[in-house]
Amino acid sequence: MNKLATMMIISGMAALAASCQYAPKGEEPAFKYTIDSFADLKVMRYQIPGWENLSLQQKEYAYYLAEAAKYGRDILWDQNCKDNLRVRHAVEAILEADGMDTQTPEYQDFLVYAKRLFFSNGMHHHYAEDKFFPACSQEYFASLLEAAGVQDEGLLDIIYNPSIYPQRRSTETSGDLVQLSAVNFYEGVTREEVENYYNKMVDKNDPTPISYGLNTKVVKGADGKVYELPWKIGGIYSPALEKICEQLAKAREVAENDIQKKALGLLIDYYNTGDLKLWDAFNIEWVKDTIGTVDFINGFIEDYNDPLGRKASWEGYVNIKDFEASKRTEILSANAQWFEDNSPVDPRFKKKTVKGISAKVINAVCLAGDSYPSTPIGINLPNADWIRKEHGSKSVTIANITHTYDLAAQEMPTSTLREFAYNKKEVELAQKWGTLADEIHTDLHECLGHGSGQLLPGVSTTAMGEYASALEEARADLFGLYYTADPKMVELGIMPDPEAYKAEYANYIRNGLMVQFTRVELGRPNTEAHMQNRKLIAEWCYEKGAKDKVIVKKVKNGKTYFVVNDYVKLRALFAELLSEIQRIKSEGDYEAGKALIEKYAVNIDPQLHKEVLERYKALNLKPYGGFVNPEIRPVYNADGVITDYEPVYTDDYLGQMLLYGKKYGTL
């Protein structure tokens with residue numbers, strides 16, 4: 001980026017920068033992590049440990065990658081629902097309009113809606129996927145639109161009508177999932193038409209298949225034929241992708257090594273052509289880069305939001321390696337073949353040779369797209385099964401994000417642990433080993449779990465359809481749970497005590513059977529893939545272990561608790577379920593996968609659910625968290641030369657959202 005363009009951007013950031021404070025180079029108690037809370041959400045800010053140790057070139061590289069990531073924001077909004085950007089632009093106009101009486105209760109209700117809209121990248125809850133509504137009246141919202149000079153043109157009906165776009169990704173058990181979902185991946189087509197379209201296209205005998213449909217919208221033309229519209233430069237999302245490529249090209253000029261430069265070149269070519277073979281070539285090259293300090297994710301990646309598990313949401317991430325913390329994951333990577341060989345699954349479904357699994361602990365620099373404001377704490381990519389098998393994968397655990405969650409929790413006077421743990425012994429176990437055991441489980445899940453196993457020849461990666469995401473997360477979680485308790489973990493020096501794993505087992509069962517339901521509205525089913533995964537595992541083990549009292553339901557002072565009574569037998573149950581889910585995925589057994597999800601993962605006992613919500617409400621906590629990004633700001637000397645890039649830590653959530661709308665809005 002030339003100096004003039006950079007200075008123009010900095011001047012546009014003036015209002016935001018005025019409300020920011022600089023992060024201390026060392027940890028200081030004065031740094032406040034939670035900066036906003038509303039509805040069922042809290043917003044935090046994270047620091048970037050190790051930033052000051054980067055070279056100027058590495059900082060510049062991270063800066064351009066972060067700019068590229070943020071330019072993808074509008075893509076995700078449009079993917080989530082085709083009217084999301086219209087609603088956001090109207091809300092932004094109201095927030096920026098002069099003369100509004102912002103102190104009235106109804107305006108405050110509108111403000112909460114605006115914050116929820118930004119948090120969810122659209123009109124649907126970021127986790128539950130149901131549409132949410134303003135608490136202020138429709139008439140009041142109409143007055144705000146008029147005062148801001150915004151024409152209604154059906155906006156109020158879109159915002160307030162519960163029958164319009166009721167769910168982002170439909171979870172209805174009857175009806176057409178494609179037509180019932182608000183996501184903007186399909187238009188004018190049915191599920192049957194989409195599946196027939198791809199069934200004719202997919203070559204099941206191809207050992208290196210592209211991810212058919214990953215980066216397109218499927219529509220029906222006036223002639224009645226079904227076809228795809230690509231997300232590429234010159235196609236859908238072209239203005240955003242042009243900006244992304246412009247920043248990626250600048251990043252390429254200052255990359256750390258030739259592998260990064262080649263990978264970025266392939267990514268730019270892919271965005272220009274939409275050619276999924278180039279996407280695969282990029283991922284193969286990206287996996288090779290295990291030596292760089294700065295790394296990134298940029299593209300149409302995860303298919304969780306697609307009811308058919310085929311279309312990918314846009315996502316961006318920039319990070320730097322935590323070298324000290326990565327020693328643990330490097331040990332896991334080095335022993336990947338041992339874990340694969342000793343996995344409790346059918347030998348037919350094991351990789352004979354595990355290739356290229358690299359794992360590290362990272363610190364986030366920028367979250368974007370489907371990772372902003374709410375972000376995962378671990379990532380394993382690429383998703384193509386054949387690339388993972390032949391070329392390997394990258395797994396990361398995001399240290400500064402988990403660190404922020406812990407420190408933000410310490411700012412609160414109450415905790416779910418004390419409320420839902422059965423006794424003092426459970427609390428002490430969690431306090432002693434809980435954080436470490438959970439991090440190790442995450443490492444195993446991301447580093448080895450997702451990369452384990454293999455499909456049988458001819459089995460498609462989309463064979464599990466709408467159940468694919470929950471089953472895959474369950475498979476990786478079970479792999480991690482099984483090995484968390486293995487003596488090998490102590491032998492390798494990863495687990496410090498043979499009993500430490502019990503903290504993770506107890507917490508996982510508590511969460512899967514109770515605590516996570518604080519995130520679900522009473523009377524609603526459990527629909528999010530990761531939550532379904534946890535409920536499936538916990539419910540299945542509770543049922544299968546009932547005879548041996550492996551997990552015991554107890555009632556104390558009128559409150560329900562679930563207590564692990566036999567940790568050894570629980571581990572055996574984890575092994576049994578892992579073996580079955582690996583078989584289901586490897587053989588493409590759709591009906592068996594469907595049966596598991598629908599029996600164990602979806603329906604919540606209403607009485608237990610009511611109790612959980614009442615107990616949680618009394619704690620005055622927020623079940624969901626997300627983040628604002630640090631702003632990476634160039635520093636100039638007296639001659640106008642950039643001498644550094646420094647992170648600026650904003651405490652203004654709404655300010656960052658409005659800034660991003662102005663600076664990175666393209667669609």
Check: If you look at every heavy atom in Pro382 and Gly392, which pair is closest and at what distance?
Finding: CD-O, 4.0 Å
Next item on the list: Classify the side-chain pair Thr171/Gln167 by whether it contains a donor and acceptor separated by less than 3.5 Å.
Entry: yes
Checklist line | Gap between atom CE of Met514 and atom CD of Glu419 - 0.5 Å precision | finding: 8.5 Å
Next item on the list: Test Arg169 against Glu129 for salt bridge (Lys or Arg N to Asp or Glu O under 4.0 Å), laying out the working first.
Entry: CA-CA 6 Å; Arg169 177 182 58 89; Glu129 301 194 272; 2.8 Å; yes
Next item on the list: Going by the side chain to side chain contact (heavy atoms under 4.5 Å, CB included) test, name the single residue among Ile362, Thr397, Val396, Ile301 that passes it with Ile379.
Entry: Val396
Check: Looking only at side chains, do Thr34 and Glu411 share a donor and an acceptor under 3.5 Å apart?
Finding: yes
Check: Do the ring centers of Tyr372 and Phe119 come within less than 6.0 Å of each other?
Finding: no
Note to self: With rounding to the nearest 0.5 angstrom, report the CE to CE distance, Met489 to Met495.
What the structure shows: 5.5 Å
Notebook entry, point to check: Salt-bridged, Lys599 to Glu543, with N to O below 4.0 Å?
Noted result: yes
Margin query: Between the side chains of Lys327 and Glu330, is the shortest nitrogen-to-carboxylate-oxygen separation below 4.0 Å, so that they form an ion pair?
Written below: no
Item checked: From CD (Glu580) to CG (Leu596), nearest 0.5 Å -> 6.5 Å
Note to self: Can you confirm whether the side chains of Asp406 and Gln410 place a donor and an acceptor under 3.5 Å from each other?
What the structure shows: no
Check: Is it true that the NZ or CZ of Lys535 lies under 6.0 Å from the centre of Tyr600's six-membered ring and within 45 degrees of the ring axis?
Finding: no
Notebook entry, point to check: Would the His124 and Phe132 ring centres measure less than 6.0 Å apart?
Noted result: no
Item checked: Sidechain N-carboxylate O distance under 4.0 Å for Glu428, Lys432 -> no
Notebook entry, point to check: Distance from Met44 atom CE to Leu407 atom CG, nearest 0.5 Å?
Noted result: 11.0 Å
Margin query: Using a 3.5 Å distance criterion without hydrogens, assess whether the side chain of Asn363 forms a donor-acceptor pair with backbone atoms of Asn400.
Written below: yes
Check: Would you call Glu539 and Lys544 a salt bridge, taking side-chain N to carboxylate O under 4.0 Å as the test?
Finding: no
Check: Within 45 degrees of the axis of the six-membered ring of Tyr624 and under 6.0 Å from its centre: does Lys42 put its NZ or CZ there?
Finding: no
Checklist line | Full working for salt bridge (Lys or Arg N to Asp or Glu O under 4.0 Å) between Lys488 and Asp486 | finding: CA-CA 5 Å; Lys488 185 74 169 181; Asp486 199 287; over 6 Å; no
Next item on the list: Indicate yes or no: does Lys360 engage Asp295 in a salt bridge with an N to O separation below 4.0 Å.
Entry: yes
Item checked: Between CD on residue Gln79 and CZ on residue Arg168, distance to nearest 0.5 Å -> 11.0 Å
Checklist line | Side-chain donor-acceptor contact under 3.5 Å, Thr329 with Asp443 | finding: no
Check: What are the two closest non-hydrogen atoms of Thr402 and Ala399, and how far apart are they?
Finding: OG1-O, 2.9 Å
Note to self: Check for me whether the distance between the ring centres of Tyr561 and Phe420 falls short of 6.0 Å.
What the structure shows: no
Check: Strictly by modelled atom types, are Ser452 and Glu340 linked by a side-chain donor-acceptor pair under 3.5 Å?
Finding: no
Notebook entry, point to check: Is Lys502 close enough and on-axis enough to Trp433, meaning under 6.0 Å and within 45°, for cation-pi?
Noted result: no
Notebook entry, point to check: Are Lys549 and Asp566 ion-paired here, with the side-chain N under 4.0 Å from a carboxylate O?
Noted result: no
Item checked: Side-chain (Asp438) to main-chain (Glu504) donor-acceptor, under 3.5 angstrom -> no
Notebook entry, point to check: Shortest non-hydrogen contact from Ala437 to Ala500?
Noted result: CB-O, 3.8 Å
Check: Between Ser326 and Val361, is there a donor-acceptor pair closer than 3.5 Å when you use the side chain of the first and the backbone of the second?
Finding: yes
Checklist line | salt bridge (Lys or Arg N to Asp or Glu O under 4.0 Å) between Lys351 and Glu390, worked out | finding: CA-CA 10 Å; Lys351 289 186 173 79; Glu390 298 298 327; over 6 Å; no
Next item on the list: Would you name the heavy atoms of Asp303 and Ser469 that are closest together and state the gap between them?
Entry: OD1-OG, 3.8 Å
Check: Are the aromatic rings of Tyr127 and His530 close, with centres under 6.0 Å apart?
Finding: no
Notebook entry, point to check: Are any side-chain N or O atoms of His441 and backbone N or O atoms of Asp477, one a donor and one an acceptor, separated by less than 3.5 Å?
Noted result: yes
Margin query: Quick check against the 3.5 Å criterion: does Tyr508 have a side-chain atom that pairs as donor or acceptor with the backbone of Ala503?
Written below: no
Check: Do the numbers put Arg571 on top of the ring of Tyr482, so that NZ or CZ is under 6.0 Å from the six-membered ring centre and no more than 45° off the axis?
Finding: yes
Next item on the list: Kindly indicate, with the supporting measurements, whether the criterion salt bridge (Lys or Arg N to Asp or Glu O under 4.0 Å) is fulfilled by Arg534 and Glu473.
Entry: CA-CA 9 Å; Arg534 292 188 287 268; Glu473 291 303 323; over 6 Å; no
Notebook entry, point to check: Is the ring centre of Phe296 less than 6.0 Å from the ring centre of Tyr317?
Noted result: no
Next item on the list: Indicate yes or no: does Glu472 engage Lys585 in a salt bridge with an N to O separation below 4.0 Å.
Entry: yes
Item checked: Nearest non-hydrogen partners of Val183 and Pro307, listed with the distance -> CG2-CD, 3.9 Å
Note to self: Assess, by modelled atom type and distance only, whether the side chains of Thr560 and Glu611 contain a donor and an acceptor separated by less than 3.5 Å.
What the structure shows: yes
Item checked: Inter-residue atom distance Asn335.CG - Leu492.CG, 0.5 Å rounding -> 5.0 Å
Checklist line | Sidechain-backbone polar pair: Asn380 side chain, Glu446 backbone, donor-acceptor under 3.5 Å | finding: yes
Checklist line | Of Phe300, Phe185, Tyr304, the residue whose pairing with Ser313 passes side chain to side chain contact (heavy atoms under 4.5 Å, CB included) | finding: Phe185
Item checked: Any donor-acceptor N or O pair under 3.5 Å, side chains Asn533, Arg475 -> no
Note to self: Taking Lys355's backbone N and O only, do any of them form a donor-acceptor pair with His391's side chain (distance below 3.5 Å, no angle check)?
What the structure shows: no
Check: For the residue pair Tyr567 and Tyr501, does the interplanar ring angle fall in the parallel (under 30°), tilted (30 to 60°) or perpendicular (over 60°) class?
Finding: perpendicular
Note to self: Tell me whether Glu521 contacts the main-chain N or O of Arg524 through its side chain, where contact means a donor paired with an acceptor under 3.5 Å.
What the structure shows: no
Next item on the list: Please work out which of the three classes, parallel, tilted or perpendicular, describes the rings of Phe479 and Phe339, given edges at 30° and 60°.
Entry: tilted
Check: Looking at Tyr198, is Arg310 sitting on its ring face, NZ or CZ under 6.0 Å from the six-membered ring centre and within 45 degrees of the normal?
Finding: yes
Check: So, Arg583 and Asp589, do they make that salt bridge, N to O below 4.0 Å?
Finding: yes
